[in-house]
Student: 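The structure under discussion is supplied below as structure tokens; questions concerning it will follow.
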Amino acid sequence: MTALVGPESLWLWIGTIGMTLGTLYFVGRGRGVRDRKMQEFYIITIFITAIAAVMYFAMATGFGVTEVMVGDEALTIYWARYADWLFTTPLLLLDLSLLAGAHRNTIATLIGLDVFMIGTGAIAAFAATPGTRIAWWGISTGALLALLYVLVGTLSKNARDRPSEVASLFGTLRNLVIVLWLLYPVVWILGTEGTFGILPLYWETAAFMVLDLSAKVGFGVILLRSRSVLERAATPS
Ligand code: RET
């Protein structure tokens, strides 16, 4: 078997280190938090970066990667991304939902759409013809747009009934999610997966690493930075 991981491993190692440092930082901050409701935010956020750290390690060391034949071309597919996102994106949505004080039906809808999005995105990555790959990408992007619609609709409405600092923290994180999450399908379709060959694997891997670190560690830092706001978020309003 040939080694599948090329020079893009540089970015995968930076991702591994960044996610590990993020995890350690959140664990450090979470020590001493006694309030059970507040602990929920720490537990969820720590798992997000911990899962990403091991999946980045899997990719950097050549476990999380395979080849997919599209026509007579072999594409390098980092499948571990989808394993990571399948678990971490629902957890990110759970953090946001707890902050907004969402009803469980809203949480179920968001997580359902999210799993649908990552599942169909994984099919897109493994599909054998350019046409079917783009069709599955379209289905997955449709789920993303529906998810963001719930985020700006129902979830934002719920957040407006929360204390003002909590509502404002929710607004910041929601906007971060909208901007960053919309970039994922763009990088995918421009990158090697889209088969248009616009963005080479090296730069695509760098782009996903920056997006992943911002969407996980950046998100977590903003969420956990103010203990007083989290305290208010943890008190039922
Ligand atoms: C794929 C490909 C198909 C189309 C769409 C995608 C969306 C992925 C998203 C991923 C978000 C990941 C995050 C990771 C955390 O660090 C699967 C790339 C719509 C939105 C936030």
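These values consider heavy atoms only, across backbone and side chains, with no hydrogens, waters or symmetry-generated copies. When a ligand or atom number is given, it counts from 1 through the structure's own listing order. Start at 1 with the first residue, then count along the sequence.
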Student: Once you round to the nearest 0.5 Å, how far does CG of Leu213 lie from CZ of Phe219?
Tutor: 15.0 Å
Student: For this output row, return yes or no: ring centroids of Tyr82 and Trp85 closer than 6.0 angstrom.
Tutor: yes
Student: Which of the numbered atoms in ligand 1 are under 4.0 angstrom from any heavy atom belonging to Lys216?
Tutor: 14 (C), 15 (C), 16 (O)
Student: Give the numbers and elements of all ligand 1 atoms closer than 4.0 Å to a heavy atom of Met117.
Tutor: 9 (C), 20 (C)
Student: Between Val115 and Thr89, is the side chain to side chain contact (heavy atoms under 4.5 Å, CB included) condition met? List the steps.
Tutor: CA-CA 8 Å; Val115 170; Thr89 52; over 6 Å; no
Student: Report the C-alpha separation of Met19 and Asp212 in whole Å, then their side-chain angles, then the decisive distance to 0.1 Å, and conclude whether the side chain to side chain contact (heavy atoms under 4.5 Å, CB included) test is met.
Tutor: CA-CA 9 Å; Met19 294 296 180; Asp212 282 343; 3.7 Å; yes
Student: Should the proximity of Leu180 to ligand 1, defined as any heavy atom under 4.0 Å, be assigned to the side chain, the backbone, both, or neither?
Tutor: neither
Student: Could you list the atoms of ligand 1 found under 4.0 angstrom from a heavy atom of Trp137?
Tutor: 3 (C), 4 (C)
Student: Atom 19 (C) of ligand 1: which protein heavy atom is closest, and how many Å away?
Tutor: Ser140 OG, 3.6 Å
Student: Run the numbers for me: atoms of ligand 1, each under 4.0 Å from some heavy atom of Pro185, listed by number.
Tutor: 4 (C), 5 (C), 19 (C)
Student: Below 4.0 angstrom from a heavy atom of Ala215, which ligand 1 atoms are there? Numbered from 1 as shown, please.
Tutor: 15 (C), 16 (O), 21 (C)
Student: With no hydrogens and no angle check, is any side-chain donor or acceptor of Thr132 less than 3.5 Å from a backbone partner on Thr129?
Tutor: yes
Student: Name the option, out of Trp181, Trp136, Tyr184, that contains the heavy atom nearest to atom 10 (C) of ligand 1.
Tutor: Tyr184
Student: I want to check something: taking the side chain as every heavy atom from C-beta on, are Glu67 and Leu4 in contact at a cut-off of under 4.5 Å?
Tutor: yes
Student: Mark up the atoms of ligand 1 that fall under 4.0 Å of a heavy atom belonging to Thr141, in ascending order.
Tutor: 4 (C), 19 (C)
Student: Name the one of Tyr78, Phe208, Tyr202, Tyr56 that satisfies ring pair (Phe, Tyr, Trp, His ring centres under 6.0 Å) with Trp11?
Tutor: Tyr202
